[in-house]
Amino acid sequence: MTKRVAILISGGGSNMVSLVESMTGNHPARPVLVMSNDPNAGGLAKARALNVPTYAVDHKPFGKDRAGFEAALQDALEKARPDIICLAGFMRILTPAFTSQWEGRMLNIHPSLLPKYKGLHTHARALEAGDKEHGCSVHEVTAELDGGPILGQAKLAIDPDDTPDTLAARLLPLEHKLYPQVLQRYAAGDRTPLFIDG
Ligand code: GAR
């Protein structure tokens, strides 16, 4: 049975586009929804151009009411009936009450070689630490932020003159390579980690 995939974004959605474009032919999954917490996220228009239904739940009116925001997300997701949820540049922290509903069915891409640099500013932190390599990870989402089982990683060598911006720009194409491959394997039931050297 073809798996239904919902993709959650907050911004430009370049990872979302790479995921959507990968789900063709004999791929075991298809996109059914792209959702954002920002109604102005650039990725929403890109999803519509790719003929994927979109929906926005603006987090701002909810203020500190995370439960209310997540209930609205949950409502939209239940209508779309995804088998798999891909967080792709989704920049809101999700509470355990939400993640527990989708555990084993929700993936995230994070711009670091986890378990290093959970959270924000990953490129700057890798540079500050004097790391020789950097990368991105796709992992299952659990209650622990950026902490679930790793499903794939792609690595690159850090150049002496790299800045956080150049690192981010060099890493993004690797994210676009890694995430679709991991999703394809995951949708086919393969959870063994995939490692790519960029
Ligand atoms: C990507 O680099 C992704 O790894 C990162 O946000 C960017 C989204 O770009 N995600 C996180 O930092 C999650 N904590 P995109 O909107 O072009 O896919």
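Everything quoted here is computed from the prediction, not taken from an experiment. Remember, it's 1-based here, ligands and their atoms both numbered in the order they're listed.
At the shortest separation from atom 4 (O) of ligand 1 among protein heavy atoms lies Glu175 OE1, 2.7 Å. Among protein heavy atoms, the minimum distance from atom 8 (C) of ligand 1 is reached at Gly89 CA, 3.6 Å. The protein heavy atom nearest to atom 17 (O) of ligand 1 is Ser14 OG, 2.5 Å. When only non-hydrogen protein atoms are considered, atom 13 (C) of ligand 1 lies nearest to Met91 SD, 3.7 Å. Remark: minimum distance from atom 14 (N) of ligand 1 to any protein heavy atom is reached at His110 ND1, 3.6 Å.
For Arg105 and Glu140, the salt-bridge test fails: no basic side-chain N is under 4.0 Å from an acidic carboxylate O. The pair Lys60-Asp38 does not count as a salt bridge, with every side-chain nitrogen at least 4.0 angstrom from each carboxylate oxygen. Arg170 and Asp159 are joined by a salt bridge, as a carboxylate oxygen and a charged side-chain nitrogen come within less than 4.0 angstrom of each other.
Around OH of Tyr117, the count of heavy atoms belonging to other residues, nucleotides or ligands within 6.0 Å exceeds 12. Heavy-atom neighbours of Lys155 NZ from other residues, nucleotides or ligands within 6.0 Å: at or below the threshold of 12.
Residue Gly12 has at least one heavy-atom neighbour below 4.0 Å for each of these atoms of ligand 1: 16 (O).
A donor-acceptor contact shorter than 3.5 Å is absent between the side chain of Arg92 and the backbone of Phe69. A donor-acceptor pair is defined here as one N or O able to donate and one able to accept, closer than 3.5 Å; no such pair exists between the side chain of Asp131 and the backbone of His134.
Counting heavy atoms only, Pro111 comes closest to atom 11 (C) of ligand 1 of the residues Gly43, Pro111, Ala169.
Polar contact with ligand 1: present for Asn15 (N/O pair, distance under 3.5 Å).
At least one heavy atom of Gly13 sits closer than 4.0 Å to an atom of ligand 1.
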